[in-house]
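Below: the structure, in structure tokens.
Worth knowing before you read on, the calculation uses all heavy atoms, side chains too, and leaves out hydrogens, waters and symmetry mates.
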Amino acid sequence: MVTIADVARAAGVSPSTVSYVLSGKRTISETTRRKVHRSIRKLGYRPNAGARALASSRTNVLALVAPLRTDLNVPVVMQFVGAAAAAARAHDHDVLLLTADEGAEGLDRVAASALADAILVMDVEAGEPRVPVLRALERPAVLIGVPDDCAGLTCVDLDFTAAGAACVAHLADLGHRHVALIGPSPAVYRRGTSYAGRFLRGFEREAADRGALTTALACVPTYDGLRDCLDDLFARRPPVTGLVVHNEAVLGPLLSELARRDRRVPRDVSVLAVCPPDLARSHEVPLTSVDIPAAELGELAVELAMRQLDGHGEPEVRLLPPRLEARGSTGPPP
């Protein structure tokens, strides 16, 4: 196994100089730094994680708090996780995934145990109960989501309010006058999950500005739950001609159920999804969609956490503008 002494010998410096280059605790000339890093690459030296943590007071680990509740779409959550893990590796960090729903106590536990250098938090609620703990943490934290009270916090997310408005605008521009939202599970709304409320506000506000009629239903992510939603929506008058689906789990069953009811997409009913682009493209009828930029948000959260670790980050809220891509599932109303 290659040791720090081997690296020092190859670079023509002392072992302590190699240690200072790795820890950054002392100023080392750029020429010497290059020689040390060249020797590290040549020899394939891998610093011992425990020794490195002791030397630098860092663990080189980011904690990602992502409670895997039954009402969440796990494949979509894992897109965020995968993007964060890849971005962390680019900074020589690993990701510790915490999936238990422990609330503020879980954040306290992670901070007190020094398991991670920074904490990334998903599944953020509008009235987020973890906000006081997040503000008091003595380590960087980034929320993937935006609570109502976000002062002093760093948050990243899709601009879901603008996304809801963009969905209505697209269908209204095509001539639809009654647009329905098939929303997330009722549990998501009861919990006050931030993204769901912001999307609904944008959806309803844009419809009011355009004089369009809307219906919004929370949908249990099962075939029976979807069927009940469609029974309700298609019994309404004037008829619903455009569906906005903010519930990834029911997209496949929705298209199957519409076909069973002999409602063709988009000739009889338009369907606009809010989902990752790969999911929108995976159906027999490619879905017009507002993209959930899971990869971008995961990477951005890590970048902001690393900036805070390096002493350059200030609290900020970064909202990504929605991207709507028209594919084959929306058109003029019948």
Start with the C-alpha distance between V77 and L68, add both sets of side-chain angles, then the distance that settles side chain to side chain contact (heavy atoms under 4.5 Å, CB included), and finish with yes or no. CA-CA 8 Å; V77 172; L68 297 183; 4.0 Å; yes
Single-linkage hydrophobic cluster [X]~[Y], side-chain heavy atoms < 4.5 angstrom:
X    : Y    : value
L115 : V133 : yes
L217 : L200 : no
L62  : L297 : yes
L153 : V317 : no

Less than 4.0 Å between a side-chain N and a carboxylate O, is that true for [Y] and [X]?
X    : Y    : value
D278 : R281 : no
E325 : R327 : yes
R139 : D117 : no
R109 : E105 : no
D159 : R318 : no
R227 : D231 : no
D6   : R9   : yes

Looking at CD of Q79 and CG of N73, how far apart are the two atoms once the value is rounded to the nearest 0.5 Å?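 These two atoms lie 9.0 Å from each other.
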Just by modelled atom types, is the [Y] backbone N or O under 3.5 Å from a matching donor or acceptor in the [X] side chain?
X    : Y    : value
D101 : P67  : no
E206 : F203 : no
R307 : G311 : no
T193 : Y195 : no
H178 : L213 : no
N247 : C219 : yes
S39  : K35  : yes

Heavy-atom closest contact ([X] atom, [Y] atom, distance):
X    : Y    : answer
P221 : A249 : CB-CB, 3.8 Å
A104 : R130 : N-CG, 3.6 Å
E314 : T154 : O-OG1, 3.8 Å
A83  : A294 : CB-O, 4.0 Å
S270 : H176 : OG-NE2, 3.3 Å
P15  : A5   : CG-CA, 4.5 Å

With a sphere of 6.0 Å drawn around CD of E284, does it hold more than 12 non-hydrogen atoms of other residues, nucleotides or ligands?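 No, because the 6.0 Å sphere around CD of E284 holds 12 heavy atoms or fewer from other groups.
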Would you say that L230 contacts I182 through its side chain, given a criterion of any heavy-atom pair below 4.5 Å between the two side chains?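 SC-SC contact between L230 and I182 confirmed.
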May I ask you to test the I292-F80 pair for a side-chain heavy-atom distance under 4.5 Å?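 In short, these two side chains touch, coming nearer than 4.5 Å.
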Given L181, which of V244, V168, T214 fulfils the side-chain contact (heavy atoms from CB on, under 4.5 Å) condition?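 Filter result, single survivor: V244.
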Among L143, L320, V124, L319, the one residue meeting side-chain contact (heavy atoms from CB on, under 4.5 Å) with D157: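 Testing D157 for a side-chain contact (heavy atoms from CB on, under 4.5 Å) against L143, L320, V124, L319 leaves exactly one candidate, L319.
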Mind checking what makes side chain to side chain contact (heavy atoms under 4.5 Å, CB included) contact with A301, not counting sequence neighbours?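 A301: side chain to side chain contact (heavy atoms under 4.5 Å, CB included) contacts with L120, V142, I144, V156.
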Could you walk me through whether D268 and R261 pass the salt bridge (charged side-chain N to carboxylate O under 4.0 Å, His left out) test, one step at a time? CA-CA 11 Å; D268 299 319; R261 297 176 185 229; over 6 Å; no
What verdict does the side chain to side chain contact (heavy atoms under 4.5 Å, CB included) test give for I119 and L107, after you've listed the backbone C-alpha separation in whole Å, the side-chain angles of each residue and the deciding distance to 0.1 Å? CA-CA 8 Å; I119 301 175; L107 294 180; 3.9 Å; yes
Test item: side-chain donor near acceptor, [X] and [Y], under 3.5 Å:
X    : Y    : value
T288 : T330 : yes
S16  : S14  : yes
R198 : S194 : yes

Tell me whether R201 forms a cation-pi arrangement with F160, defined as NZ or CZ under 6.0 Å from the six-membered ring centre and within 45 degrees of its axis.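 Geometry flag: not set, cation outside 6.0 Å or 45°.
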Residues in side chain to side chain donor-acceptor pair (under 3.5 Å) with E303, at least two apart?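 For E303, the residues satisfying side chain to side chain donor-acceptor pair (under 3.5 Å) (neighbours in sequence not counted) are H91.
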Is the H246 ring parallel, tilted or perpendicular to the F199 ring (thresholds 30°, 60°)?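 Plane angle between 30° and 60°, so tilted.
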Can you list the steps and then say if L272 with L324 is a side chain to side chain contact (heavy atoms under 4.5 Å, CB included)? CA-CA 9 Å; L272 198 166; L324 190 151; 4.0 Å; yes
Stepwise, does the side chain to side chain contact (heavy atoms under 4.5 Å, CB included) test hold for R177 with T241? CA-CA 8 Å; R177 306 311 303 158; T241 58; over 6 Å; no
Go through D232 and R236 one step at a time and tell me if the salt bridge (charged side-chain N to carboxylate O under 4.0 Å, His left out) criterion holds. CA-CA 7 Å; D232 183 331; R236 297 184 180 238; 2.7 Å; yes
